[in-house]
Amino acid sequence: MSTILVTGGTGNLGGQVVTRLRDAGHEVRVLSRHAPDHPVDLRDGKGLDAAMAGAEVVVHCASSPRGGDEAAAERLIDAARRAGTVGNLVYISIVGVDVVPFGYYESKRKVEQLLEASGLGVTILRTTQFHDLVAQVVGMAARLPLVPLPAGVRVQPIAVEEVADRLAELAVPTPSGRVPDMGGPQIRTLQELGRAYLSATGRRRRVVPLPLWGKAYAGFRRGGNLTPSHSSGHVTFAEYLAGRGR
């Protein structure tokens, strides 16, 4: 069994990765700002060397849409080099980071590039959006009398549990490089998913397609966030909503 460090290990995805790895018998160290054993903020890196010492695998789930991912990745890479024991740094990225000019996507792509140039063994998995994120976006729009959702945008949501399963499989001492993308089982417009969300939550609202502008919006309209040839997920958005209701 391996000693594995999981960054963002108290988050939605990271927490599930931790559970799977521990169930498999690994020694798992949980790193996050709120972790009881390794309360490390990757924005300053204090305590990171102690958390990294002796780790054979790092699963990097920590991320923030508010910025700072590149600096955090540089600190993580430097700590892994100092430790000298890390054979595989596993990173969760997003489908389309290299073709959709959206700020958060561009940051994730820069982290990929830092890892690829680090000289460390790395594994990079890109996935489509989680069901939870789609539900959050639609839920915020549904607070209004009319539900405005970006026109012409399709998404391919996937269950976070399935992504956690895959990351746990990849968390081995031997790196795999860039592995095949992972997408949900269905591609739907945001309007279709919005109506499904409203129906599941018992709300009667009209969904309104909202035209937007800009290069990022154009990238989403072109389907840069989709991976139809890698629809390896099984749980549909409707099934996710049904389980959420229970």
Side-chain angles (χ1 to χ4, degrees), residues 1-9 11-26 28 31 52 55-63 69-70 72-74 76-77 80-81 85-100 102 104-133 155-187 219 223-235:
M1 296 293 104
S2 302
T3 299
I4 302 175
L5 174 66
V6 180
T7 75
N12 184 30
L13 173 61
Q16 298 199 40
V17 173
V18 167
T19 297
R20 285 155 175 75
L21 292 174
R22 284 180 171 164
D23 287 348
H26 297 288
V28 182
L31 182 150
M52 187 73 74
E56 300 163 78
V57 180
V58 176
V59 182
H60 186 28
C61 296
S63 185
D69 279 12
E70 296 102 305
E74 288 174 342
L76 196 67
I77 289 167
R81 287 175 178 150
T85 56
V86 178
N88 187 15
L89 204 162
V90 184
Y91 181 57
I92 177 68
S93 190
I94 306 172
V95 169
V97 293
D98 52 349
V99 294
V100 178
F102 180 58
Y104 182 52
Y105 282 31
E106 291 173 337
S107 178
K108 297 286 280 187
R109 177 57 183 146
K110 288 176 183 176
V111 172
E112 290 184 357
Q113 293 170 331
L114 287 169
L115 292 170
E116 290 164 343
S118 69
L120 299 170
V122 300
T123 299
I124 297 173
L125 171 67
R126 293 180 183 177
T127 74
T128 52
Q129 290 75 26
F130 297 160
H131 291 311
D132 313 65
L133 176 61
V155 290
Q156 189 180 353
I158 190 168
V160 66
E161 295 85 357
E162 294 180 309
V163 175
D165 289 342
R166 181 63 174 139
L167 285 177
E169 291 174 355
L170 295 170
V172 295
T174 303
S176 299
R178 169 86 185 278
V179 298
D181 294 346
M182 188 175 183
Q186 297 177 333
I187 296 174
N225 58 313
L226 307 175
T227 180
S229 60
H230 294 99
S231 55
S232 51
H234 296 92
V235 178

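Quick note: numbers below take in every heavy atom, side chains included, and nothing from hydrogens, waters or symmetry partners.
Here the side chain of R178 pairs no donor or acceptor atom with the backbone of T123 at under 3.5 angstrom. A donor-acceptor pair under 3.5 Å is absent between the side-chain atoms of K108 and the main chain of D69, judged by distance alone. D98 places no side-chain N or O within 3.5 Å of a backbone atom of Y105 that could act as its donor or acceptor partner. Between the side chain of H234 and the main chain of G184, no donor-acceptor pair closer than 3.5 Å is present. In this structure, T7 contributes its side chain and A62 its backbone to a donor-acceptor pair below 3.5 Å. E56 places no side-chain N or O within 3.5 Å of a backbone atom of P173 that could act as its donor or acceptor partner. At least one donor-acceptor pair under 3.5 Å links the side chain of R81 to the backbone N or O of S118.
Side-chain contact between L115 and L120: absent, with no pair of heavy atoms (C-beta onward) separated by less than 4.5 Å. Proximity of V97 to F102: side-chain heavy atoms (C-beta onward) are nowhere separated by under 4.5 Å. L21 is not listed as a side-chain neighbour of V57, based on a closest heavy-atom distance of 4.5 Å or more. Using a 4.5 Å cut-off on side-chain heavy atoms (C-beta onward), P180 and L125 make no contact. In this structure, the side chains of D132 and V160 come closer than 4.5 Å at one or more pairs of heavy atoms. Taking 4.5 Å as the limit, every side-chain heavy atom of V90 sits out of range of all side-chain heavy atoms of H60. Side chains of V179 and L170 form a contact here, defined as non-hydrogen atoms less than 4.5 Å apart. Residues I94 and R126 fail the side-chain proximity criterion, which asks for heavy atoms closer than 4.5 Å.
Of the inter-residue distances, the one linking L76 atom CG with M52 atom CE reads 4.5 Å to the nearest 0.5 angstrom. The distance from atom CZ of R22 to atom CE of M1, rounded to the nearest 0.5 Å, is 15.0 Å. In this structure, OG on S231 lies 9.5 Å from CD1 on I158, to the nearest 0.5 angstrom. For the atom pair CZ of R109 and OH of Y104, the computed distance is 15.5 Å after rounding to the nearest 0.5 Å. From L226, atom CG reaches atom CD1 of I187 across 4.5 Å, with rounding to the nearest 0.5 Å. The distance from the CG atom of D181 to the OG1 atom of T128 is 9.0 Å, given to the nearest 0.5 Å.
With 3.5 Å as the limit, one finds no donor-acceptor pair spanning the side chains of Q156 and T227. Under 3.5 Å, the side chains of S93 and E112 contain a donor-acceptor pair of N or O atoms.
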Test side chain to side chain contact (heavy atoms under 4.5 Å, CB included) on V6 and L31; report intermediate values, then the result.
CA-CA 6 Å; V6 180; L31 182 150; over 6 Å; no
**Prompt:** Do Y91 and V122 pass the side chain to side chain contact (heavy atoms under 4.5 Å, CB included) test, and can you show the C-alpha distance, the side-chain angles, and the key distance before you say yes or no?
**Reply:** CA-CA 8 Å; Y91 181 57; V122 300; over 6 Å; no
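Of all heavy-atom pairs spanning I92 and T127, the tightest one is CD1-CG2, 3.7 Å. L114 and E70 make their closest contact through CD1-O, 3.7 Å (heavy atoms, listed as atom of the first residue, atom of the second, distance). Between C61 and L167, the shortest heavy-atom distance links the atoms SG-CD1, 4.2 Å. The nearest pair of heavy atoms linking A171 to V59 is CB-CG2, 3.8 Å. What you find for P185 and P157 is that their closest heavy atoms are CD-O, 3.9 Å. Taking all atoms of both residues into account, the shortest heavy-atom contact from H26 to S2 is ND1-N, 3.1 Å.
Ion pairing between E161 and R166 fails under the 4.0 Å rule for side-chain N and carboxylate O.
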